[in-house]
Amino acid sequence: MPEFKTSPGTRDILAPHSGRWRAFQDVFAHTVEAAGYNFIIPPMFEDLDVFLRLGETTEVVTKEMYDFHDKGGRHVALRPEQTAGVCRAYVEHRPITPWKVWYAGPNFRYEKPQQGRYRQFDQVGVEALGADDPLLDAEVIALAAKFYADLGLKKVHLSVNTLGDAGDREQYSQILLKYFSAHEKDLTSESRATLARNPLRVLDSKREPDQKVIAGAPAIRESISESANQHFDAVLRALDALNISYEINNRLVRGLDYYRRTTFEFTSLALDAAHTAIGGGGRYDGLVEALGGPATPGIGFALGLDRTLLACDAENTFVAPTTAVQIFVVDTVDGGHAHELCHLLRQNGISADRAYDLRSIKAQMKSADRSAASVALIIGSDEVQNSTIMLRKMGSGEQYSIAHKDVIGEVLKALNVK
RNA sequence: GUGGGCGUAGCUCAGUUGGUUAGAGCGCCAGGUUGUGGUCCUGGAGGUCGGGGGUUCGAGACCCCUCGUCCACCCCA
């Protein structure tokens, strides 16, 4: 056993999986940049207070924060998600609106790890600030849906709901408190504890005994403002116009306190464990204000890399890209010829790799095979003497001698034929 | 954070009621083939059996603790 291992909930992403991650982010960048979103790289840690604005009953903040005091005595925290940092950046820089950005990178939450749940986990996402338009809500949702489709995913389920305006949310919370309190004896003890903290979240319980009580709970749409209802209806119509299928789930609450009005969540029907939630988001009108900025509406989503890739595995799509160099150079003389030839090839835009430590030709050929190069260039004593190179096509095994000075042209010719 | 399953070579796993020097397949290295990979054959390297303590003449197997991982709850991506 090695003396050191990765810390719990963290891991090394090695090839070929690492290539898949990069491809994932490339596809995402392509999808959202085609819709006018610009790349933003917020810092990985911020003042703790920035994240506290996510809400005092948000467990991500109250229980799972990686916070510490730095050498200057500042109380900082690793970001548990990126929306707060983006909103802080908005307040700090005051870009013109609508401000549409996308991000990709790791977040940190101190949780007990499981498959699809890590302490350092990657998300990609977008945020759009400064527009109240319900068509923007629909655009954001449509972008996420398109991205899943771009990955080749088919079994993705979209749930949407509205939480009403800030006041509505509080009012509904009181209604739920009254309802659940009346049925307290039928709730699990866990739900009773949740009820005391945040009545909305009782709706999220997956425990069987709670389901009957939850099913009878009053729906939020009955207690939200007329304008919030109109906004939601407009979002739904806009989704219909794009032929995006969804389910209205009036139990969908989501754990981050800042959500207002539109909320949505994507789950994979191909996954069956606890990690079926592969993405989600919503409006957070009020968050910018909480961070000291002017009243500014905002909406966005975040998608989990790991879970989405698990869904890809389950649906057998978006496989890891294979990487291969074009040329593998075998040198049985002294290694110096391979050294210089690789350099020359690379300078001419041809990818090339080689073996080291002057191993046997058999071993070097084996490396050539593993490299997946389509052409091997072999240099032995005969070649050095005659200023030639043996060019071998790895697929067919066909090989022939070329003049050393013609190597670039011959290699290009061989690669084109392939 | 609560409860449960599982930790044996790089990987996937065997390992009989505790009993000599802990095995296999794949992978890796070398040789067969002193100029040729993908097939085949032969050989080799690689393990303080997650870690610590205990029971025993004897522990990979049993007990306790601990760490890690997986599952459920919780939470969420």
Side-chain angles (χ1 to χ4, degrees), chain A residues 1-11 14 54 57-64 80-83 104-125 144 188-191 193-194 197-198 201-202 204-210 252-256 265-268 271-281 301-311 328 330-333 355 357 359-384 390-399 401:
Chain A
M1 275 299 120
E3 186 179 0
F4 295 111
K5 293 195 283 190
T6 55
S7 199
T10 68
R11 65 259 194 259
L14 307 179
L54 294 173
T57 64
T58 301
E59 298 211 356
V60 163
V61 173
T62 56
K63 289 169 59 180
E64 302 171 356
E81 51 98 74
Q82 304 204 40
T83 303
N107 303 318
F108 306 85
R109 294 179 194 175
Y110 193 88
E111 300 182 90
K112 197 163 172 181
Q114 277 180 26
Q115 190 177 61
R117 189 170 88 177
Y118 301 94
R119 289 182 178 173
Q120 177 180 332
F121 64 100
D122 270 61
Q123 287 184 331
V124 295
T188 58
S189 58
E190 291 94 330
S191 285
T194 305
R197 282 200 315 276
N198 187 347
R201 300 214 52 80
V202 176
D204 261 351
S205 166
K206 281 184 282 193
R207 290 172 295 271
E208 188 49 39
D210 294 329
L252 179 67
V253 173
R254 303 192 53 75
L256 271 40
E265 186 169 285
F266 292 92
T267 51
S268 168
L271 298 173
D272 52 19
H275 48 258
T276 57
I278 56 175
F301 66 72
L303 314 182
L305 245 83
D306 282 290
R307 291 185 182 184
T308 304
L309 287 177
L310 285 173
F328 196 93
V330 171
D331 175 356
T332 59
V333 179
D357 296 326
R359 302 214 291 157
S360 70
I361 186 165
K362 181 171 176 165
Q364 291 194 46
M365 286 305 294
K366 211 167 172 177
S367 298
D369 191 44
R370 258 198 296 262
S371 77
S374 53
V375 170
L377 295 177
I378 303 163
I379 302 174
S381 47
D382 290 356
E383 283 75 18
V384 170
M390 190 62 77
L391 187 156
R392 181 180 178 87
K393 297 185 176 177
M394 295 301 282
S396 61
E398 172 200 357
Q399 66 179 38
S401 183

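FYI, side chains are in, hydrogens and waters are out, and symmetry mates aren't considered; it's all heavy atoms of this structure.
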Do A:Arg119 and A:Tyr110 form a cation-pi contact, if we require the NZ or CZ to be under 6.0 Å from the six-membered ring centre and within 45 degrees of the ring's axis? yes
Treat a base pair as Watson-Crick or G-U wobble with both distances under 3.5 Å, then lay out RNA chain B in dot-bracket form, 5' to 3', with | for cross-strand pairs. (((((((..((((.....[...)))).(((((.......))))).....(((((..]....))))))))))))....
Residues which pass side chain to side chain contact (heavy atoms under 4.5 Å, CB included) with A:Asp204, listed by chain and number, not counting sequence neighbours: A:Arg201, A:Val253
Against the side chain of A:Glu383, the closest entry in B:G35, B:C29, B:G37 is B:G35
Along RNA chain B (nearest heavy atom to each residue), the more 5'-positioned of A:Gly279 and A:Glu398: A:Glu398
Under 4.0 angstrom, heavy atoms only, what part of the nucleic acid is A:Asp306 near: base, sugar-phosphate, or nothing? nothing
Could you measure between the two P atoms, the one in B:C62 and the one in B:C6, and give it in whole Å? 10 Å
Any base atoms under 4.0 Å from A:Arg359, or only sugar-phosphate, or nothing? Heavy atoms, all strands. sugar-phosphate
A:Met365 vs A:Arg392 side-chain heavy atoms within contact, under 4.5 Å: yes
Partners meeting side chain to side chain donor-acceptor pair (under 3.5 Å) with A:Glu59 (sequence neighbours left out): A:Lys63, A:Arg197
Give one of base, sugar-phosphate or nothing for A:Arg370, where a contact means two heavy atoms less than 4.0 Å apart. sugar-phosphate
What does nucleotides 67-75 of chain B look like as a protein-contact string, B for base, S for sugar-phosphate only, - for none, at under 4.0 angstrom between heavy atoms? -SSSBBBBB
Assign A:Ile278 to base, sugar-phosphate, or nothing according to its heavy-atom contacts below 4.0 angstrom with the strands shown. sugar-phosphate
Give one of base, sugar-phosphate or nothing for A:Lys362, where a contact means two heavy atoms less than 4.0 Å apart. base
Taken in chain and number order and not counting sequence neighbours, the residues that satisfy side chain to side chain contact (heavy atoms under 4.5 Å, CB included) with A:Ser7 are A:Thr10
Side chain to side chain contact (heavy atoms under 4.5 Å, CB included) involving A:Thr58 - partner list, sequence neighbours excluded: A:Val60, A:Val61, A:Leu256, A:Asp257
Is there, by distance only and without an angle test, a donor paired with an acceptor across the side chain of A:Asp369 and the base of B:G37 below 3.5 Å? yes
Nearest-nucleotide comparison on RNA chain B, the residue closer to the 5′ end among A:Lys366 and A:Phe121: A:Lys366
